[in-house]
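Notes follow the structure.
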There are 2 protein chains.
Amino acid sequence: MEPSPPSRLLLIDDHRLFNDGLKSLLDAQTDLTVCGQVFTAADALAAVHRLAPQLVLLDVNLQGVSGIDLGSQLIHNFAGLYVILLTMYNQPKLLDEARRAGLHGYLLKDATTDLLLKGIRTVLNGGKFFALNESGHFIDRFGDDFARRLSLTFREVEIIRLICQGLSSEQIADQLTLSVETIKTHRKNIHFKLGISKVADLIQFAIKQGL
Amino acid sequence: MEPSPPSRLLLIDDHRLFNDGLKSLLDAQTDLTVCGQVFTAADALAAVHRLAPQLVLLDVNLQGVSGIDLGSQLIHNFAGLYVILLTMYNQPKLLDEARRAGLHGYLLKDATTDLLLKGIRTVLNGGKFFALNESGHFIDRFGDDFARRLSLTFREVEIIRLICQGLSSEQIADQLTLSVETIKTHRKNIHFKLGISKVADLIQFAIKQGL
DNA sequence: GGGGCAATACCACAAAAGGGGTATTTTTAA
DNA sequence: TTAAAAATACCCCTTTTGTGGTATTGCCCC
């Protein structure tokens with residue numbers, strides 16, 4: 001190892017305790033320093049500009065603002081900046097979204113500290129680090145054939161999200177410029193695939209999946 | 001100050017990073033030591049028995065298990081044990097529930113570290129510490145009259161819970177030995193009070209409130 | 001002892017959701 | 001290049017929700 005100064009990290013997460021705790025954890029590492037903490041999306045750009053961190057650890061949920069959007073915005077505005085998404089959602093779709101948005105990593109909040117450090121160091125060395133929890137809660141809870149049943153299509157997931165926002169089939173049809181009948185068909189298929197029969201079940205399902 | 005050994009704390013939260021971060025934060029205090037960490041509700045009782053902590057910091061959401069239930073269970077099983085609920089729900093109702101369940105404190109995850117430490121020390125000295133975030137997201141999002149609108153009755157909350165479990169009005173009526181019409185009336189009132197009009201909205205609301 | 005609230009219950013009608021089909025086109029992958 | 005999968009769309013009919021009312025009972029509190 002060459003004697004280089006510790007890498008500068010910026011934490012963006014509106015859960016202050018999590019943010020503080022993470023700082024404490026990371027500061028304990030000799031090769032890493034937390035150069036700043038941000039608690040709202042609004043402060044993020046200014047903070048990155050002022051503190052010039054090498055890497056940003058970014059939560060997905062910042063009072064309604066999408067962490068993925070903010071992350072890709074940061075990357076486009078600050079050349080050479082690394083962004084790792086930190087989330088509690090054990091969701092392949094979300095991971096894919098993060099990857100497509102050009103982010104450098106995706107880590108779960110229930111990851112071990114070791115995994116976090118490994119991820120940070122990998123990204124600082126120019127790599128990418130995307131990790132889900134293989135033995136995630138959800139899969140455990142629903143048994144063997146769940147993964148098969150979960151093979152929802154893109155459209156289906158899209159419609160689930162809109163249902164969760166409280167839209168009726170008609171409103172969804174409007175928004176997607178489709179027939180109401182099509183939406184109804186999708187809903188039927190979703191119900192069949194998930195083995196449910198009510199909106200209530202669907203929302204519960206969706207929220208457990210992290211939308 | 002008398003030269004007493006540091007107080008022993010146990011952390012119960014299934015978000016490992018949060019848990020680890022908190023440990024790191026707390027260990028930095030000379031008068032506090034984290035004597036253990038637990039990531040699932042199932043391990044909680046055994047851990048308390050083995051580690052004999054003075055105070056437990058407990059998350060509300062442990063894979064479906066209610067932190068409040070677990071907390072009051074711990075208090076009843078271990079005399080003298082203090083339990084502080086840690087949650088991201090900025091919710092007076094939940095706070096009241098925690099208080100009624102006999103827990104010793106309620107703190108938000110987006111509290112400052114100072115507030116957390118103050119809460120812990122207050123409870124360790126035999127006090128109670130219940131804090132909400134005055135400028136919290138949730139209240140902001142719904143305006144001034146939200147608190148008034150939120151004055152749900154016991155029956156209403158009970159019915160919301162059953163709706164969330166996917167039961168129809170008829171099934172709820174059966175279970176509570178009431179007329180379907182009565183359930184419908186309650187649902188109307190709930191919708192009015194919360195300013196919503198769909199099951200989807202209701203479930204979202206309920207989940208944000210921590211059920 | 002009367003006003004307010006919670007809980008119960010009913011009617012009627014409109015709007016959605018749920019469930020049973022079938023069918024066409026486009027996209028994807030073997 | 002062809003067969004499967006995904007996305008689109010329609011029909012019909014039932015059940016459940018949603019919304020507008022009204023009304024009675026019991027309870028607490030001032």
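Chain letters run A, B, ... following the sequence lines, proteins first and then strands; every chain starts at 1.
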Please list, pair by pair, any protein nitrogen or oxygen found under 3.5 Å from a nitrogen or oxygen in nucleotides 27-29 of chain D.
none

*Can you check whether L162(B) reaches Q171(B) side chain to side chain, under 4.5 Å on heavy atoms?*
no
*With DNA chain C as reference, determine whether L178(B) or E170(A) sits nearer its 5' end, using the nearest nucleotide of each.*
L178(B)
_Please report the distance, rounded to the nearest Å, between CD in E181(B) and P in dC13(C)._
14 Å
*Is the distance from OP1 or OP2 of dC10(D) to the nearest side-chain N or O of S179(A) less than 4.0 Å?*
yes
*Are F18(B) and L86(B) side-chain neighbours, meaning at least one heavy-atom pair lies under 4.5 Å?*
yes
*Using atom CG of D201(A) as one end and atom P of dG19(C) as the other, report the distance to the nearest whole Å.*
10 Å
Dump every N/O contact between nucleotides 22-27 of chain C and the protein below 3.5 Å, one line per pair.
none

*Tell me, do R187(A) and I163(A) make a side-chain contact under 4.5 Å, heavy atoms counted?*
yes
*Pick from L58(A), V83(A), D43(A): which one makes a side-chain contact (heavy atoms from CB on, under 4.5 Å) with I12(A)?*
L58(A)
*side-chain contact (heavy atoms from CB on, under 4.5 Å) partner of F129(B), chosen from T122(B), I120(B), L116(B)*: T122(B)
*Does T182(A) place a side-chain N or O at less than 4.0 Å from the phosphate oxygens OP1/OP2 of dA9(D)?*
yes
_Value in whole Å for how far the C1' atom of dT15(D) lies from CZ of R187(B)_ = 13 Å
*asked:* I'd like to check D59(A) versus N19(A) (side-chain heavy atoms, cut-off strictly below 4.5 Å). Are they in contact?
replied: no
*asked:* Please report the distance, rounded to the nearest Å, between CG in L202(B) and P in dT17(D).
replied: 11 Å
_Is there a side-chain contact between H186(B) and the phosphate of dT8(C), meaning an N or O under 4.0 Å from OP1 or OP2?_
yes
*Quick one: is dG18(C) close enough that its OP1 or OP2 comes under 4.0 Å of any side-chain N or O from S197(A)?*
no
*In Å, rounded to the nearest 0.5 Å, how long is the span from CG of D13(B) to OG1 of T40(B)?*
11.5 Å
*asked:* Does any part of the side chain of S7(A), heavy atoms only, come nearer than 4.5 Å to the side chain of D31(A), both counted from C-beta?
replied: no
*Which part of the nucleic acid, if any, lies within contact of V199(A), taking any heavy atom under 4.0 Å across all strands shown: a base, the sugar-phosphate backbone alone, or nothing?*
sugar-phosphate
*asked:* Over all strands shown, is K184(B) touching base, sugar-phosphate only, or nothing at heavy-atom distances under 4.0 angstrom?
replied: base
